[in-house]
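In this text, all values refer to a predicted model and were calculated from it rather than measured experimentally. Every heavy atom of this structure was used, including side-chain atoms; hydrogens, water molecules and symmetry mates were not. Remember, it's 1-based here, ligands and their atoms both numbered in the order they're listed.
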Amino acid sequence: MRLFSIFGVAILSLSGLSTALTVQGDPDVNDPLVLEHLRDREKLITLEKTHRQDHIFRQSLSPTAQRADTIVRQIRQYETDYYWRVAGTPDDEYKERFAGEVFPLARPYIANTTLWKIVKRMPKGALLHAHLSAMLPYEKLVEIIIHTEGMMIASSQPVDTNDAKMNATITFSHSNSTTSEPQSPDIDSPDYVPDTKIPVTAAAANFQGGEEGFLEFIKLKTTVPPEESIRHELGVDEIWRRFQACFGPTGSMLEYEPVVRKFYQTLFSDLANDGINWVEIRSGGSSGKLVHDGQEDVDPNLDVWWTVLVEEIDKFKATEEGKNFWGVRIIWSDSRGKNRASLTKSMKIALQRKQNFPELFSGYDLVAQEDLGRPLSDLAPELVWFREQTEALNLTIPYFFHAGETLGDGNSTDDNLFDALLFNTRRIGHGFSLYKHPNLIKQTIEQNVLVEVCPISNEVLRLDTDILHHPLPAMIAHGIPTAISNDDPAILGQDVAGLSYDFFEAIQAFDNLGLAGLGALAQNSLRWANFEDQSDKEWIQDIDRGEEGTSTKAKNIQAWNSAWEDFCKWIVDEYASNYEVLAESSEN
Ligand SMILES: *[C@@H]1O[C@H](CO)[C@@H](O)[C@H](O)[C@H]1NC(C)=O
Ligand SMILES: *[C@@H]1O[C@H](CO)[C@@H](O)[C@H](O)[C@H]1NC(C)=O
Ligand SMILES: *[C@@H]1O[C@H](CO)[C@@H](O)[C@H](O)[C@H]1NC(C)=O
Ligand SMILES: *[C@@H]1O[C@H](CO)[C@@H](O)[C@H](O)[C@H]1NC(C)=O
Ligand SMILES: *[C@@H]1O[C@H](CO)[C@@H](O)[C@H](O)[C@H]1NC(C)=O
Ligand SMILES: [Zn+2]
């Protein structure tokens, strides 16, 4: 064989001298076969894109919106090449920078980009997935607490060392008597008497490093620090332990009525300023304890917390800032760690609240770490029972389940997706593992279920290393309805209440998305918003009709469409001169 081939080569090269087997010409950009290839390729790419969930939205873009989309594409590309692409050096490898890098490292650089200015201003529609106590950055909440008379802080131990700061359990409360002599040295003194209440103003002023040092301390207790969140080698359970611990101090921060009221006004104002019109908040379950103005004890009446919320929503909507803020509804959420008896008890409380506040309560969900909590299949008896109760009481409380927030493939967390769809969930929270299930994908689309995607949350809670590894583009490409949410922005590092950072991550990461794709995601958030109680039939009908008609949903989408047009016009006015020139010169 070997001999033969050597022989063969010899013959070939001999005959090569006399026949036409020579290299001919040069590659030709106008070769008909090249042109045909390029045409076929274009066709394939176009065909592929017709399956995208945002296809219809893109088809309907106005000429202005198309121009804005092109301009933003240029801006994004320019910044990817000239702002983000920075090489590290041997003595400073952390100088390395690139578009789509891990959020905690990218965050300080984002606000300096033009893309950020655009995303910030974008009308974002609805925030559909966020947990109440993790929505407003704690610095703002502590500011409110410091400036509210009679607020006290207590610690389970002196917080004089870093270890002690980590270990201590801190609690806030309101006290009538702030005039009496302090009962103990300050909490960061080694002589602090554990569990003694100290006025927050004094604790902050006397803290090492003053009020700033105090805020740092609170931040340590309530946020996942950037250097921890990027340690992917430690895995999901480890980061969840840190994350869950952050909720500890927040319960008592949000108890005293004057604080709670200011919290809502600040929160709604921040959301409205980020271009958000509508919010559905996961809350209920354990929260909802209220101490009235000038009191010290929790009011046992379970309605007062919600009365305060309704009053604050109405108050904000009546302000100038709130004129485009359509409102807030609550998805009652219980911890999935509860046993049958305690969950049933909480469900009864939820049913009663729904009867008392039919407009406020929008649906039901189960929260906390999905991997370690009870799977939906185990919760089936409670969920079936709950459904029967709502029917008997003529209440509309649809399910909006967290499901598939996991790295699993075929274990019980991943399988929650099956249960969620069988239980007729109207949206899926996260659905991170959905892309592994072709049949479920089909069913999600057929049942008109939207996935609430929380890119930064997924990254910081270590499901993906960075936005570039996120399944969002796969979901959109498969035709799954999606919208962008922020989950727990006060804890997970966005450190603002709004959606801009999550929107930014998405548009920066994926060429296929662009401004038009981001617009589709924002419009989706309104198409799948639960503005009012509806039967399943009405719900689906309104989603199908979208902006057509005169329903509340249609009108809200129309209002967003008009804000979107204005926004696109602003982009063209502001950036066409710089970036359309750029587009032309880069094509030449
Ligand atoms: C932000 O942009 C300004 C002006 O272009 C520049 O001087 C500054 O260094 C930038 N900051 C960062 C963090 O890149
Ligand atoms: C903090 O907790 C750890 C683990 O329980 C313990 O080993 C350590 O002594 C504690 N330190 C302080 C100062 O409380
Ligand atoms: C606190 O003061 C209010 C009114 O000043 C009073 O109604 C309330 O009973 C007081 N609470 C306590 C625990 O002293
Ligand atoms: C059930 O509630 C709807 C409104 O949500 C109302 O129109 C209807 O009359 C109620 N039916 C009964 C039997 O109470
Ligand atoms: C499912 O698998 C993932 C990946 O191994 C794991 O993180 C998660 O804890 C698992 N869930 C359960 C319930 O075992
Ligand atoms: Zn969540």
Side-chain angles (χ1 to χ4, degrees), residues 154-170 187-195 208 217 220-221 231-245 248 329 335-337 351 353-363 366-379 387-398 401-420 430-437 457-465 469 471 530-539 542 551-552:
S155 171
S156 58
Q157 61 186 80
V159 292
D160 54 335
T161 64
N162 272 346
D163 239 17
K165 281 179 184 154
M166 288 301 291
N167 290 1
T169 303
I170 53 169
I187 56 170
D188 63 340
S189 145
D191 302 325
Y192 170 73
V193 182
D195 299 321
Q208 209 178 15
F217 167 60
L220 178 82
K221 304 290 301 170
R231 294 197 60 190
H232 283 264
E233 79 276 15
L234 295 178
V236 172
D237 290 351
E238 195 268 352
I239 196 74
W240 265 89
R241 281 196 297 275
R242 286 180 162 273
F243 172 53
Q244 301 263 63
R329 292 191 89 190
S335 165
R336 63 193 325 127
L351 290 165
R353 300 287 82 63
K354 175 66 182 178
Q355 285 175 297
N356 298 351
F357 301 88
E359 282 180 24
L360 182 64
F361 289 100
S362 120
L366 292 144
V367 297
Q369 189 179 2
E370 204 183 326
D371 281 324
L372 300 188
R374 293 170 64 197
L376 292 177
S377 55
D378 185 54
L379 289 156
R387 169 90 333 130
E388 286 166 358
Q389 303 315 305
T390 57
E391 276 159 20
L393 296 167
N394 191 26
L395 299 172
T396 306
I397 315 182
F401 288 131
H402 279 72
E405 187 185 7
T406 184
L407 291 174
D409 173 41
N411 68 12
S412 65
T413 329
D414 181 39
D415 287 350
N416 277 338
L417 288 167
F418 291 89
D419 302 274
H430 298 291
F432 190 88
S433 66
L434 179 61
Y435 73 97
K436 299 168 187 173
H437 302 285
S457 163
N458 294 158
E459 176 184 327
V460 170
L461 295 176
R462 297 185 185 151
L463 294 184
D464 52 333
T465 46
H469 291 77
N530 193 20
F531 293 113
E532 59 200 346
D533 281 357
Q534 292 183 306
S535 67
D536 289 339
K537 193 165 158 251
E538 293 164 328
W539 166 258
D542 264 12
S551 68
T552 306

Practice item. Using distance alone, determine whether Thr161 and ligand 2 share an N or O pair under 3.5 Å. Key: no
Exercise for review: Side-chain contact test, heavy atoms from C-beta onward, threshold under 4.5 Å: evaluate it for Leu461 versus Gln369 and give yes or no.
Suggested key: no
Review point. If you round to the nearest 0.5 Å, how far is CG of Asp533 from OG of Ser362?
Key: 8.0 Å
Practice item. Determine whether Phe217 and Ile170 make a side-chain contact, defined as any pair of heavy atoms from C-beta on separated by less than 4.5 Å. Key: yes
Check each N or O atom of ligand 5 against all protein N or O atoms and list the pairs under 3.5 Å, with atom names and distances to 0.1 Å, one per line.
{"residue": "ligand 5", "atom": "2 (O)", "partner": "Asn411", "partner atom": "ND2", "Å": "2.3"}
{"residue": "ligand 5", "atom": "11 (N)", "partner": "Asp371", "partner atom": "OD1", "Å": "3.4"}
{"residue": "ligand 5", "atom": "11 (N)", "partner": "Asn411", "partner atom": "ND2", "Å": "2.9"}
{"residue": "ligand 5", "atom": "11 (N)", "partner": "Thr413", "partner atom": "OG1", "Å": "3.0"}

Point to revise | Of Glu238, Glu233, His232, the residue whose pairing with Arg462 passes side-chain hydrogen bond (donor to acceptor under 3.5 Å, both in side chains) | key: Glu238
Exercise for review: May I ask you to say whether Arg336 pairs ionically with Asp378, meaning some side-chain N is under 4.0 Å from a carboxylate O?
Suggested key: no
Exercise for review: Indicate yes or no: at least one non-hydrogen side-chain atom of Asn530 is less than 4.5 angstrom from one of Trp539.
Suggested key: yes
**Study point:** pair His430-Ser457: side-chain heavy atoms closer than 4.5 Å
**Key:** yes
Practice item. Check ligand 2 against Asn167 and write out every atom of the ligand that is under 4.0 Å from a heavy-atom position of the residue. Key: 1 (C), 2 (O), 3 (C), 8 (C), 10 (C), 11 (N), 12 (C), 14 (O)
Point to revise | ligand 2 versus Gln157: contacting region, heavy-atom distance under 4.0 Å | key: side chain
